[in-house]
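Scope of the values below: all heavy atoms of this structure, side chains included, with no hydrogens, waters or symmetry mates.
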Amino acid sequence: MQAASLNLLSKHLVGMVTPTSRPLLLLHIFIFPFQAEMILLEMQDPNTGVRSQPQRLVITTIPHAITGEDIVTWLADRLQIDVQEARSFGSMLVALGYIYPLQDHKRLVIKPDTSLYRFQTPYFWPTQQWPVEDTDYAIYLAKRNIRKKGLLELYEQEQYNRLHKWMNHKWDFIVMQAKEQYRAAKERKKPDRVVFDCQERAYWVVHRPPPGTVSAMDYGLDRRTDPNADETQTSDYYERIMIFTQQAIMRPRVKSSVSIGALVKHCATYIGHDPFLSACLPSNPWLTDDTTYWNLNMSNVETPTKMRVERWTFSFKELLSDPRGRDDFRLFLKKEFSGENLAFWEGCEDLKWGTAATMKEKAEQIYKTFLARGAPRWINIDGKTMEVTMKGLKHPHRYVLDAAQTHIYMLMKKDSYGRYLKSPVFKDTVKKAIRPEEHKFNDAQLEQNARNRRPSLSPIILRQQEQELRAKMAANAPVDITQLCRFTTPVPHFSVYSGIIDPPSSNTSPSLPFLPHTPICPSPISVALDSTSASERRLEASEGEGEQNTEARVPDRGNVSKSRVALSLRRLLKRGCSPSAMFASLSPKCHTAAATSSRIQPITPDEPSQAPPRRTGNFFQIKVDIPPECRIYPIESEDEEEENRLASEEVVGTEEIICPWESLTQQNGTG
Amino acid sequence: MPLVNNKVGDDCTSCSGEALAEGKALVDSLIKVVACYRHLAACVGGSMDSLQLRDELRQMRQKAQNLATALCHHLTGHLRDKSLPEEQRKEMELLWVAFSSSLELLHVDICKVLKISSNFSLANSASLVQTGVQGGGSEVAARALSLPDLNQTQARILPPSLETEEHSTMEREIAQIDHMIDDMEMKVNVLRWTVEPHGPQYADPLSSTDSASLALVSVVEEQPGPRLQPLCQRSHVFVLLLLFAVILVAVTLSVCVSLFS
């Protein structure tokens, strides 16, 4: 800053600082470092700045030391603010590194007593232009190591080792540079050497804070542009302003009375439940370090607290988002025999939030369980939504079941939720809900709590517990089958859908029962069926097979997968497996899906019958143009299949999953 | 530079040994200059900032530039020589890493000095920050420039044109260093992760440490607030005790002498 501009700016400052200006406004202006620098320059002025005194050390004296109280009084005087604010401003200057304390150098605060401070040299001022380099830090630590003869502090030692590991190639240079800097420092006079050491140490205390201290340098993520820099007014800049304004105009607007009313309503409803705004029973863990509150509100607790139950009555979303509430609701629905809605909703959530690799398989399972005609847990959605969903399922993606999910959600909300709130299940829960008493801690107990703070369970353990719970639930879950099919084995393997599914990751629950072996399924051809649909299926299957076989033969690209498909088709028809199983064994993912469901029960290596609804096979007619990278395990024989299944069991969560979903065509026109 | 490539095979080891030694010497002096430059750069804008300091800085920059250019040619020439044996190449690469790191440090330092000196003009001495530094950096500069003594320039009135001239010179030098760094990166392909340093992890404490200054500095180190007073008192008391003991001994001796004589 040139002298002239400095004078101008200080005049400007003086102009701003009128006795009537409010201190808050003033502090807001001085957040930016430039302002701090200006103040600092004024402070160090030998005539009008803070009074400086020499610092007496054992052998020598060093000038230009200032006391904390002098700083505070000068700031209060200059900026016309009160002492408290001057103190915090002073502390900010110290924390940023413009002034450093001479005693107790690790605590970067202003102490309004006779403790001494000194101004930092401009070379070490904080600036965003040149980021703080690790190389410099390494050199500093090496120098310090030389001086202290190997007795660095613990965190410095750790940093040193870390830097040695990461900057190993430069290490010779760093050591040499450290030595040279050390020797150069020795050339200087002793007081200057001391001052320089203090300056450098203060710089590194600011920029590499010792553990347990708060750093003022934390500024969050790096931004692409510097908000303090002036932006050039190019045409691009104006164009951006124009686009922003246009979009702002086009935004739908809500009347402020409406929006404010909504905000007020929300605040009024939730204010009693916010631990920061109102009392928290038994005690606020953030204040008292007592985790009872969290323990009482865990997701698998037997009796919830009254506040929690009250929250469920606010909205359906609250009920569903609370795991305990969801359990309660599930119980209620089980009694009402409409549990499939919630199960479907949960399945859709799982699909939306799951990994991309498992998406297709999940979508298929959900379809088979809930949406297909004759599905065991068929949900009731209207025709249009069903149409949309079916169309989407041809090319399944994360949000393919969104429409159906919303429909079911609204159904539950409008219908079941109301009944739930009046049901005996809920009333029972309300009666049993506990209201913990408030616990006041005295100081000694507070200290003890702070000492006994322990980190909570590791997320890995939590996830494992969750999975175990899910598996247990899956085993015991109800099977509410709305359509019983002769070929449907009323098997609890569908129970996996009653909870939240995560087949690739869950590999527990050996308690799932034995599932029938699909190849043992009676062949639809050989067994006499008395439902037309079965024969229909057979016909269609054979048709499909014929189609596909010819298709397979005609191109004859020597494509292994295609021949495999053809072979498998033939084999399956011979075996007379259910069409879904045919599909199942054709799709490699289904194969691994078979494996995945068998992954859920790793002990029983059987291929579960993948929901043999009568119509599913019609839907999943498979065309042969499966992409060549599709890895279908050769299914020549049953044993081989089993082997492969066993083999694929080991392969948990394979990545190369190509589901022939893309090649599906909808044969099931009637839906 | 072309001379290197013309060397005959059997001469190569000896001359690359020489070349290595030469390179090492150059790198050492460059590192020394960079270290001293950093010390002096930390004084710019402070209470001891003066024309002399700026002058010294300029001289050191000059020297650093010369060293850097020489080293650049030397190393580039050698590293581009395909016939260099493996160990020699490794040594050269080490030197190269040291050279590029020093250049980077120097670059940052010059940029900082430019910025600070443009903000803190010497004309207005009241605006120079009172950092507590009293002496000049002449000794450091002398060390860097390997001169026994620097002639003290008289304080002269600073013509405003000199500053701008200095700034433009500095900017040019910065650009030059930038160019050199880019050039080197282009011409020589040194894989930094393959470079293995020889030296120890911990710099050995120098044997010729000045114990008095060490004591002073260590006193400064352990300066927590409430402890300062007792420490001072303790050292004062110790000195007093020592003095007292000496006086006591002297008195005893004189008494003995007077008794026996």
Run the side-chain contact (heavy atoms from CB on, under 4.5 Å) test on A:Gln120 and B:Thr131 for me, step by step, so that the C-alpha distance in whole Å, both residues' side-chain angles and the decisive distance to 0.1 Å come before the verdict.
CA-CA 6 Å; A:Gln120 181 68 280; B:Thr131 49; over 6 Å; no
In Å, rounded to the nearest 0.5 Å, how long is the span from CZ of A:Arg188 to CD of B:Glu139?
8.5 Å
Is A:Thr121 close to chain B through its backbone or its side chain, or both, or neither, when contacts mean heavy atoms under 4.5 Å?
both
Do B:Ser101 and A:Thr135 touch side chain to side chain, with heavy atoms closer than 4.5 Å?
no
Please, which pairs that meet salt bridge (charged side-chain N to carboxylate O under 4.0 Å, His left out) have at least one residue in residues 93-113 of chain B, sequence neighbours excluded?
B:Arg38-B:Asp109
Given that the side chain runs from C-beta out, which part of A:Thr61 has a heavy atom under 4.5 Å from chain B: side chain, backbone, both or neither?
backbone
Listed by chain and number, what are the salt bridge (Lys or Arg N to Asp or Glu O under 4.0 Å) partners of A:Arg87, not counting sequence neighbours?
none
Steps toward side-chain contact (heavy atoms from CB on, under 4.5 Å) verdict (B:Val129, A:Leu41)
CA-CA 7 Å; B:Val129 181; A:Leu41 287 175; 4.2 Å; yes
Contacting region of B:Val239 [heavy-atom separation from chain A under 4.5 Å]
neither
Checking A:Asn161 against chain B: side chain, backbone, both or neither under 4.5 Å from a heavy atom?
both
Smallest heavy-atom separation, A:His64 atom then B:Gly132 atom, equals ND1-N, 2.9 Å
So what's closer than 4.5 Å to chain B heavy atoms on A:Ala65: side chain, backbone, both or neither?
neither
Measure the CD-OG distance between A:Gln177 and B:Ser102 for me, rounded to the nearest 0.5 Å.
6.5 Å
What part of B:Ile31 gets within 4.5 angstrom of chain A, counting heavy atoms only: side chain, backbone, both, or neither?
both
Output the option from B:Ala42, B:Ser100, B:Gly46, B:Cys36 having the highest count of non-hydrogen pairs under 4.5 Å with chain A.
B:Ala42
Rounded to the nearest 0.5 angstrom, the SG-CZ distance for B:Cys43 and A:Phe196 is 7.5 Å
So do the side chains of B:Leu94 and A:Phe173 get within less than 4.5 Å of each other, counting heavy atoms only?
no
Contact part of A:Phe119 toward chain B, heavy-atom cut-off under 4.5 Å: side chain, backbone, both or neither?
both
Given side-chain contact (heavy atoms from CB on, under 4.5 Å), test B:Val133 with A:Ile62 step by step and report yes or no.
CA-CA 8 Å; B:Val133 181; A:Ile62 304 175; over 6 Å; no
Looking only at heavy atoms, what is the nearest atom pair of A:Glu180 and B:Ala35, with distance?
CB-CB, 3.7 Å
A:Glu187/B:Arg143 salt bridge by N-O under 4.0 Å criterion
yes
Inter-residue atom distance B:Gln130.CD - A:Ile66.CD1, 0.5 Å rounding
9.0 Å
Top contributor to chain B contacts, counting heavy-atom pairs under 4.5 Å, from A:Ile139, A:Thr48, A:Asp136:
A:Asp136
Quick one: CD on A:Gln181 to OH on B:Tyr37, what's the gap to the nearest 0.5 Å?
14.0 Å
What closest approach, in Å, do A:Met176 and B:Lys24 show between heavy atoms, and which atom pair accounts for it?
SD-NZ, 4.3 Å
